[in-house]
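One structure below.
Numbering starts at 1 and runs along the sequence shown. In this text, all values refer to a predicted model and were calculated from it rather than measured experimentally.
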Amino acid sequence: MVTARGAEELRELVGRHLGYSRWTLITQEKVTGFADLTGDAQWIHVDPQRAAESTFGGTVAHGHLVLSLAPMLLADIWEVQGFSMSVNYGCDRVRFLGPVRVGAELRAGAALETLEPVRGGVETKLKVVFEVRERRVPVCVARLVLRNYV
């Protein structure tokens, strides 16, 4: 895990790959829970029998479920100290490149792309690449915007 204590140490990380998170298992329970919360209960997510006959060979996670795991996975990669709070300001870009089947293990890798001063703190942009263990190819690439306030 990379730890940065304040804006100056964060600035030294710009342009660097920060590392990888642990692998996390995508379970049917997670996918079904996400479907229940979002109202997106398409059969490809929640009907294992029907999905087994599909091109994917089983149920797949929602793309936004994969993206929503970013805070948990980023906590394995880096820690920012010296600020009173950090706020997720969204995404500049997101691309869902491939399906994540239930039963797959997923991890994230992150690189700090930019750091800019903003009123009361700094704004960072992270390139986060999600991959599944079995293929080791990106399944989602996102540029996340975070603000850290003093």
Side chains of [X] and [Y]: does their closest heavy-atom pair fall under 4.5 Å?
| X | Y | value |
| --- | --- | --- |
| Thr32 | Lys30 | no |
| Asp76 | Met1 | no |
| Thr59 | Ile44 | no |
| Arg135 | Val139 | yes |
| Leu126 | Trp78 | yes |
| Asp92 | Lys125 | yes |
| Arg22 | Leu106 | no |
| Leu144 | Leu74 | yes |

Which atom pair, heavy atoms only, marks the closest approach of [X] to [Y]?
| X | Y | value |
| --- | --- | --- |
| Ala41 | Ala35 | CA-CB, 4.1 Å |
| Gly103 | Leu25 | O-CD1, 3.4 Å |
| Ser21 | Ile77 | N-CG1, 3.6 Å |
| Ala61 | Val66 | CB-CG2, 4.3 Å |
| Asn88 | Val145 | OD1-O, 3.6 Å |
| Arg50 | Trp43 | NH1-CD1, 3.2 Å |

Less than 4.0 Å between a side-chain N and a carboxylate O, is that true for Glu123 and Arg147?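 Looking at Arg147 and Glu123, the cut-off is met.
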
N/O donor-acceptor pair under 3.5 Å between [X] side chain and [Y] backbone:
| X | Y | value |
| --- | --- | --- |
| Ser84 | Val150 | yes |
| Arg143 | Val94 | no |
| Gln28 | His45 | yes |
| His17 | Ala111 | no |

Say you draw a straight line from [atom1] of [X] to [atom2] of [Y]; how long is it, rounded to the nearest 0.5 Å?
| X | Y | atom1 | atom2 | value |
| --- | --- | --- | --- | --- |
| Leu67 | Phe130 | CG | CZ | 5.5 Å |
| Cys140 | Glu131 | SG | CD | 12.0 Å |
| Leu69 | Arg107 | CG | CZ | 15.0 Å |
| Gln42 | Asp47 | CD | CG | 12.0 Å |
| Leu65 | Phe34 | CG | CZ | 5.5 Å |
| Leu10 | Asn148 | CG | CG | 6.0 Å |

Evaluate the side chain to side chain contact (heavy atoms under 4.5 Å, CB included) criterion for residues Thr27 and Val102: first the C-alpha distance (whole Å), next the side-chain angles of each, then the deciding distance (0.1 Å), finally the verdict. CA-CA 5 Å; Thr27 64; Val102 166; 5.5 Å; no

Over 60° means perpendicular and under 30° means parallel, so classify the ring planes of Tyr149 and Tyr89, tilted if in between. tilted

Would you check if the distance from the ring center of Phe96 to the ring center of His64 is below 6.0 Å? yes

Over 12 non-hydrogen atoms of neighbours within 6.0 angstrom of [atom1] in [X]:
| X | atom1 | value |
| --- | --- | --- |
| Lys127 | NZ | no |
| Arg119 | CZ | no |
| Arg95 | CZ | no |

Among the clusters formed by ILVMFWY side chains lying less than 4.5 Å apart, do [X] and [Y] turn up in the same one?
| X | Y | result |
| --- | --- | --- |
| Val87 | Val80 | no |
| Leu146 | Leu13 | yes |
| Val31 | Trp23 | no |
| Leu97 | Val128 | no |
| Val129 | Leu73 | no |

Verify the distance criterion only: is there a donor paired with an acceptor across the side chains of Thr24 and Glu105 at less than 3.5 Å?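 Looking only at side-chain atoms, Glu105 and Thr24 do not form any donor-acceptor pair under 3.5 Å.
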
